[in-house]
Amino acid sequence: MLGSESEQVATLYDSPEGQLGPILFGGHLHWGYWDENNADDNFAAAADKLAQIMIDKTQIREGQRFIDLGCGVGQPAMKLAKAKGCSVDGITISKFQQQSATSRAQAEGMQDKLRFIHGSALDIPNEDQAYDGGWFFESIFHMGHRDALLEANRVLKPGATLVLTDLPTLPTTTEEFKAFVQQHIHSSFIAKEDYPALMAETGFELVGIDDITENVMPWLVPKLKETLAEHKQEITELFNDAADKAIDDWVYLFEYMSENLGYMVVTARKL
Ligand SMILES: C[S@@+](CC[C@H](N)C(=O)[O-])C[C@H]1O[C@@H](n2cnc3c(N)ncnc32)[C@H](O)[C@@H]1O
């Protein structure tokens, strides 16, 4: 039985809005990384670059088991399994995503390496210390940081590396913004400064925090607008008469988030 918060997240990602994300971002459901070397990259290419940055942070090796906590439609898991030769279990609260990820893995002939579970990362259906590594890739703020880290700790082996991306609040983040994102995207964000204590309390050694705000946030809105224009046809098919409103809502949300949040990659080791 899912809690009502988790049910709301599942409804969000099963909805047309939730289904649009992977169409816009090349199967990824996270933001992108841009710098002077890839300034021309579209959203999908930059999302793929951020996935590569995450892959490079993992210490996972061939034959080992990895858990992707909040796996979307499976593109990051597939890229990781191909790059490292590990097997990946992905868990998502969205039935649509679990089905889509499973079909993608089958289409690539990777069903022996990839398994997608419909369930909650707060109650993982697996035994203690089952995995050699894991990540939360733009997902932990939907789950409640402390509970999500405690459950990740339970299923990871001692010494396993955990990587996550998070969107930290800034000194200027407004209370109005926090209420808006709680209501509309069922997310609560914390500050970078909260991480050392949080990791210590949940049984992890904090290895490092890379603040990549400047590589993500200023690029978001212009790149999103380009992508929305390129995908107008698919958006119209998903939303019919409500397509223009859907586009306006996405732009509004991205503007509001890029003004109020940073972006960081956190690396930790299970004690
Ligand atoms: C922004 S998407 C990121 C998806 C994926 N990690 C990626 O980078 O493409 C957030 C993901 O978190 C998942 N999620 C949120 N709360 C969850 C929970 N309690 N248990 C499992 N998955 C959850 C959503 O279903 C969605 O797949």
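Counting starts at 1 for both ligands and their atoms, following the listed order.
Remark: D56 CG is packed, more than 12 non-hydrogen atoms of other residues, nucleotides or ligands lying under 6.0 Å away. More than 12 heavy atoms of other residues, nucleotides or ligands shown are found within 6.0 angstrom of CD on E127.
Among protein heavy atoms, atom 20 (N) of ligand 1 sits closest to A121 N, 2.8 Å. The closest protein non-hydrogen atom to atom 17 (C) of ligand 1 is M143 CE, 3.7 Å. In this structure, atom 22 (N) of ligand 1 lies nearest to the protein heavy atom I93 N, 3.3 Å. In terms of protein heavy atoms, atom 12 (O) of ligand 1 is closest to S139 CB, 3.3 Å. Atom 19 (N) of ligand 1 has as its closest protein heavy atom S120 OG, 3.4 Å. For atom 26 (C) of ligand 1, the nearest protein heavy atom (residue, atom name, distance) is Q97 OE1, 3.4 Å. In terms of protein heavy-atom proximity, atom 25 (O) of ligand 1 is nearest to T92 OG1, 2.9 Å. Residue, atom and distance of the protein heavy atom nearest to atom 13 (C) of ligand 1 are G70 CA, 3.6 Å.
For A47, the closest heavy-atom approach to ligand 1 does not fall below 4.0 Å. The closest approach between H28 and ligand 1 falls below 4.0 Å for a heavy atom of the residue.
Less than 6.0 angstrom separates the ring centroid of W135 from the ring centroid of F66. The distance between the ring centers of W31 and F137 does not fall below 6.0 angstrom.
Checked for salt-bridge contact, K270 and D132 miss the test: no charged N lies under 4.0 Å from a carboxylate O. A salt bridge is defined here as a Lys NZ or Arg NE, NH1 or NH2 lying under 4.0 Å from an Asp or Glu carboxylate O, and K95 with D14 fails to meet this definition. The pair R154-D128 meets the salt-bridge criterion, since a charged nitrogen lies less than 4.0 angstrom from a carboxylate oxygen. Using a cut-off of 4.0 Å between Lys/Arg side-chain N and Asp/Glu carboxylate O, D211 and K192 are scored as salt-bridged.
For ligand 1, one of its N or O atoms has an N or O atom of H30 under 3.5 Å away. Remark: ligand 1 and G27 share no N or O pair separated by less than 3.5 Å (distance only, no angle test). For a threshold of 3.5 Å applied to N or O pairs, the pair formed by F141 and ligand 1 contains no separation below that value. Between P76 and ligand 1, no pair of N/O atoms sits closer than 3.5 Å.
Residue contacts with ligand 1, taken as heavy atom pairs separated by less than 4.0 Å, do not involve P22 at all. Using a 4.0 Å cut-off between heavy atoms, Y13 contacts ligand 1 through its side chain alone, with no backbone atom that close. Contacts between L29 and ligand 1 below 4.0 angstrom, taking non-hydrogen atoms only, involve backbone and side chain alike.
Distances below 4.0 Å separate heavy atoms of G119 from the following atoms of ligand 1: 20 (N), 21 (C). In summary, the atoms of ligand 1 found under 4.0 Å from a heavy atom of E138, numbered by their order in the structure, are 1 (C), 2 (S), 3 (C), 10 (C). For ligand 1, the atoms sitting less than 4.0 Å from at least one non-hydrogen atom of G72 are 4 (C), 5 (C), 27 (O), numbered in the order shown with element in parentheses. Atoms of ligand 1 found under 4.0 Å from any heavy atom of V9, numbered from 1 in the order shown, are 15 (C), 16 (N).
The closest side-chain donor-acceptor pair between Y13 and H142 falls under 3.5 angstrom. When only modelled atom types and interatomic distance are considered, Q59 and T161 share no side-chain donor-acceptor pair under 3.5 Å. Side-chain polar atoms of D166 and H145 form a donor-acceptor pair below 3.5 angstrom.
The aromatic rings of F177 and Y256 lie perpendicular to each other, with more than 60° between the two planes, well past the 30° mark.
Paired with Y131 under the rule side chain to side chain contact (heavy atoms under 4.5 Å, CB included), one option of D89, D68, V88 passes, and it is D89.
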